[in-house]
Amino acid sequence: MGAIFRSAAALDIDAVLVSPRCGDPLYRRSVRVSMGTVFQVPWARLTSWPQDLHLLKDHGFTVAALELTDDAQDVDEVAAQNPEKLALVLGAEGAGMSAETLAAVDLAVKIPMRNGVDSLNVAAASAVAFWELRPRDGLRNEAAARFAGTVLIRYY
C-alpha cells in the first residue's frame, strides 16, 4: 500500500480510492513505506465493492483493470487511445480480481512481459502503469492535462 502511494505521488496520480476490505493507508508501515506521501495524495474509502465503480463511470471515467485476461490490451495501446479520464483498478497479488469486478470494468489492461514472466508485484506494476499512462502533453495543468481525472483504486 505504501509503495503504491509513493508511486502515485511521484507520478502525479490525482487520488487513490480504496475498496472496503483494503488495508489501511494510515497503518504505520504503509505510512513509512510511502515516505509520508500517503498524507499528500488525496484518498477515500469506497463503501460498496465493486458497485461503487458506477460512480466513476457516471463521472465520465473509463474504468480499466490492470489484470491478465484473454482480452487485455497492452498498457501502451490504452495510453494511445487517449482516454480523457481513467480509473485504474489494481487487484490483489496472486488471486487477482474477482469475476464480479472484471464484469464491472470497461476494459482490462496488461503490461507486456518477456516470455516466462507473467506478472510484477502490484506495487511495481502500479508504477509502470502510472508512468505509461502519464500525461504526454508537457507540464500538467487543468486545461491541458490528458489524464486530468486519473484515479487509482486499490482492491484486495
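Please read all numbers here as calculations on a predicted model, not as lab measurements.
Rounding to the nearest 0.5 angstrom, the gap separating the SG atom in C22 from the CE atom in M1 is 3.0 Å. The distance from the OG1 atom of T47 to the CG atom of D52 is 4.5 Å, given to the nearest 0.5 Å. Of the inter-residue distances, the one linking I13 atom CD1 with T37 atom OG1 reads 12.0 Å to the nearest 0.5 angstrom. The line from NZ of K85 to CG of D14 is 10.0 Å long, rounded to the nearest 0.5 Å. Atom CZ of R45 is separated from atom CG of D24 by 6.0 Å, given to the nearest 0.5 angstrom. How far OG of S126 is from CZ of F5: 11.0 Å, rounded to the nearest 0.5 Å.
Counting only heavy atoms from C-beta outward, the side chains of Q73 and L107 approach each other to under 4.5 Å. Between K57 and D106, some side-chain heavy-atom pair lies under the 4.5 Å cut-off. Contact annotation: the side chain of V38 approaches that of P25 to within less than 4.5 Å [non-hydrogen atoms, C-beta and beyond].
Follow the hydrophobic side-chain contacts under 4.5 Å out from W43 and you never reach Y27; the two are in separate clusters. Cluster membership check: W131 shares its hydrophobic cluster with L88, using side-chain heavy-atom separations under 4.5 Å among Ile, Leu, Val, Met, Phe, Trp and Tyr.
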Subject >> Verdict with reasoning, F130 to D12, per side chain to side chain contact (heavy atoms under 4.5 Å, CB included) >> reply: CA-CA 8 Å; F130 297 164; D12 208 16; over 6 Å; no
Original post:
Yes or no on side chain to side chain contact (heavy atoms under 4.5 Å, CB included) for L133 and V75, after CA distance, side-chain angles and deciding distance?
Top reply: CA-CA 8 Å; L133 297 169; V75 68; 4.0 Å; yes
Sequence neighbours excluded and cut-off under 3.5 Å, please list the side-chain donor-acceptor pairs for residues 58-69, or say none.
| residue | atom | partner | partner atom | Å |
| --- | --- | --- | --- | --- |
| D58 | OD2 | H54 | ND1 | 3.2 |
| H59 | ND1 | L55 | O | 2.8 |
| E67 | OE2 | M97 | N | 3.4 |
| T69 | OG1 | D71 | OD1 | 2.7 |
| T69 | OG1 | A72 | N | 3.1 |

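Distance alone, capped at 3.5 Å, places no donor-acceptor pair between the D74 side chain and the E77 backbone.
By the neighbour-count criterion of 12 heavy atoms within 6.0 Å, atom CE of M113 is densely surrounded, having more than that number from other residues, nucleotides or ligands. With a 6.0 Å radius and a threshold of 12 heavy atoms from other residues, nucleotides or ligands, R29 has its CZ atom at or below the threshold.
Scanning both residues, I111 and A129, for their nearest heavy atoms gives CD1-N, 4.4 Å.
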